[in-house]
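Reading through the structure tokens given below for one structure.
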Amino acid sequence: MSETPLVPRLRPFTSTIFAEMTALAVRTGAVNLGQGFPDTDGPEAMLERAQRAIGEGVNQYPPGPGMPELRAAIAARRARFGQEFDPDTEVLVTVGATEAIAASLLSLVEPGDEVTVFEPYYDSYAASVAMAGATRVTVSLAEQESGRFGVDVDALRAAVTPRTRAVLVNSPHNPTGTVFTRDELAGIAAVCAEHDLIAICDEVYEDLVFDGHAHLPLGAFPGMAERTLTISSAGKSYNCTGWKIGWVCGPAPLVGAVRAAKQFMTFVGGAPFQPAVAHALSHEDAWVAALRESLSDKRERLSAGLADAGFAVRRTEGTYFVCADVRPLGFTDGLQLCRELPEKAGVAGVPVQVFTDNPDRWRHLVRFAFCKKDEVIDEALARLRKLR
């Protein structure tokens, strides 16, 4: 037998940077600002609804597409963004957005096809493209004079070949915190329509945008409804990342294809959580608004503290994350610094370069999460000041 039985296309994905940094944080007692999960719970009524569902016996397989009340709530939620979906045929509940993305690629992309991905990208994208047997083609976001990372539509158009099948779009964008503008999304839409491409859109941070920025779904742009899968989840909007309740919406033929793959991955999941998420989508707008305001304040708190510690901070328009340039502190390699940071300062972050195919362009940036209690952020900042 060869050195490893794992197929070659998955060998680059045997571990993740999150596992590495979390292990370092545990071993050193570091404050973990690496992984993007909140340290407080979601709406009390949502939690009570899940507990009640367990007590009422909602513990067996739910319907394959998801519980009707949840699919109806998802469709109603998308209507607020100008997207109309039939909850019976155009909404599919998944085990988190990660499964929705993987099932979309497995069902719609053939070996030999190309999938265009904006870098930096969330790490599961690369693994999902590889599992589909496709080829990943990256287009780098462009750092603008303001420090914002924007979409280079010309670079996207140049990356498209006759083998391109799909474009994977993430806005609000992890890890940079960019919220794609109307002009950027219109440019992406034009490329997709021109080349008859499927758009797979990860919009899990859709509710977490700041400073008056607006989340605009790509699927709502002219010519995109028939070619777009819109993916989101409850985890980020309602502080329940461990529940893994996600969904994919789109035209019935595309959603039907995703369901064909998804049913042989997990079949179904999260039965008692589905009515709880349905409640949250329908009744917890005020809670989400308060969360957004709180996160905006935490973003300011972390950004100011990082600047005080000597980092050059990039502006975040949405998500849980701030990117910081390590070069003013005398470092040149974010990965090396992140591996040393738990020992040096007692803080864990994540290097942006590991989310790219062109690490030299991104080597100077480290991502820190601000979805934490204020006292946790303050402790991390006090420790990071040791680097000055």
Side-chain angles (χ1 to χ4, degrees), residues 65-66 71 74-94 96-110 113-118 121-122 124-125 128-129 132 134 137 139 151 153 156-157 159-160 164-174 178-207 209 214-233 246-262:
R71 285 183 280 122
I74 292 166
R77 183 76 168 179
R78 296 317 308 173
R80 301 184 193 181
F81 289 106
Q83 294 176 286
E84 297 292 335
F85 296 111
D86 182 340
D88 292 329
T89 61
E90 297 182 326
V91 178
L92 173 67
V93 177
T94 60
T98 302
E99 185 192 42
I101 292 163
S104 297
L105 290 165
L106 287 168
S107 61
L108 296 169
V109 175
E110 290 275 21
D113 286 345
E114 293 177 349
V115 178
T116 304
V117 182
F118 292 101
Y121 47 75
Y122 184 60
S124 83
Y125 299 172
S128 294
V129 172
V137 176
V139 174
V151 176
V153 176
L156 172 63
R157 183 172 284 107
V160 175
T164 307
R165 171 68 169 161
V167 177
L168 187 47
V169 180
N170 173 215
S171 177
H173 185 264
N174 174 14
T178 293
V179 176
F180 291 3
T181 67
R182 184 176 297 277
D183 286 346
E184 289 170 338
L185 291 164
I188 296 170
V191 172
C192 290
E194 179 183 347
H195 295 280
D196 193 23
L197 305 180
I198 296 169
I200 301 171
C201 299
D202 177 356
E203 303 183 6
V204 296
Y205 292 100
E206 61 194 350
D207 290 317
V209 295
H215 169 65
L216 304 172
L218 182 62
F221 278 67
M224 292 304 294
E226 66 269 23
R227 67 178 69 255
T228 301
L229 289 170
T230 301
I231 292 168
S232 194
S233 78
W247 48 85
V248 54
C249 304
L254 291 183
V255 171
V258 177
R259 183 181 175 187
K262 179 262 189 298

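A donor-acceptor pair under 3.5 Å is formed between the side chain of Asn170 and the backbone N or O of Asp202. Looking at Thr228, its side chain never comes within 3.5 Å of a backbone N or O of Ala225 through a donor-acceptor pair.
Smallest separation of non-hydrogen atoms from Pro65 and Arg71: O-CD, 3.4 Å. Across every non-hydrogen atom of Trp247 and Cys249, the tightest pair is CD1-SG, 4.1 Å. The two residues Ala220 and Gly82 come nearest to each other via the heavy atoms CB-O, 4.3 Å. When every heavy atom of Ala159 is checked against every heavy atom of Thr164, the shortest pair comes out as O-OG1, 4.1 Å. Across every non-hydrogen atom of Val153 and Ile188, the tightest pair is CG2-N, 4.5 Å. Taking all atoms of both residues into account, the shortest heavy-atom contact from His173 to Phe118 is NE2-O, 4.4 Å.
Here the CZ-CG distance, from Arg77 to Asp207, works out to 4.5 Å after rounding to the nearest 0.5 Å. Rounding to the nearest 0.5 Å places CG of Leu216 at 6.0 Å from CG of Leu185. Atom CG of Leu254 sits about 12.0 Å away from atom CG of Leu92, to the nearest 0.5 Å. Considering CZ of Arg227 and CZ of Phe221, their distance stands at 14.5 Å, rounded to 0.5 Å. Atom-to-atom distance recorded for Met224:CE and Leu197:CG is 8.5 Å, nearest 0.5 angstrom. To the nearest 0.5 Å, atoms CD (Glu84) and CD (Glu90) are separated by 10.0 Å.
Between Arg165 and Glu110 there is no salt bridge, since no side-chain nitrogen of the basic residue lies less than 4.0 Å from a carboxylate oxygen of the acidic one.
Just one of Tyr121, Tyr122, Tyr125 meets the side-chain contact (heavy atoms from CB on, under 4.5 Å) condition when paired with Leu168; it is Tyr125. For the pairing with Glu206, the side chain to side chain donor-acceptor pair (under 3.5 Å) check across Ser171, Ser232, Ser233 returns one residue only, Ser232.
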ask   = Under the side chain to side chain contact (heavy atoms under 4.5 Å, CB included) criterion, do Leu229 and Val255 qualify, and how do the steps go?
value = CA-CA 8 Å; Leu229 289 170; Val255 171; 4.0 Å; yes

Pair Val169-Phe180, side chain to side chain contact (heavy atoms under 4.5 Å, CB included): steps then yes or no = CA-CA 10 Å; Val169 180; Phe180 291 3; 3.9 Å; yes

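Using a 4.5 Å heavy-atom threshold, the side chains of Asn174 and Val204 count as separate. Looking at heavy atoms from C-beta onward, Ile74 lies in side-chain contact with Val93 at the 4.5 angstrom threshold.
For Arg182, the CZ atom is loosely surrounded, since the number of other residues' heavy atoms within 6.0 Å does not exceed 12.
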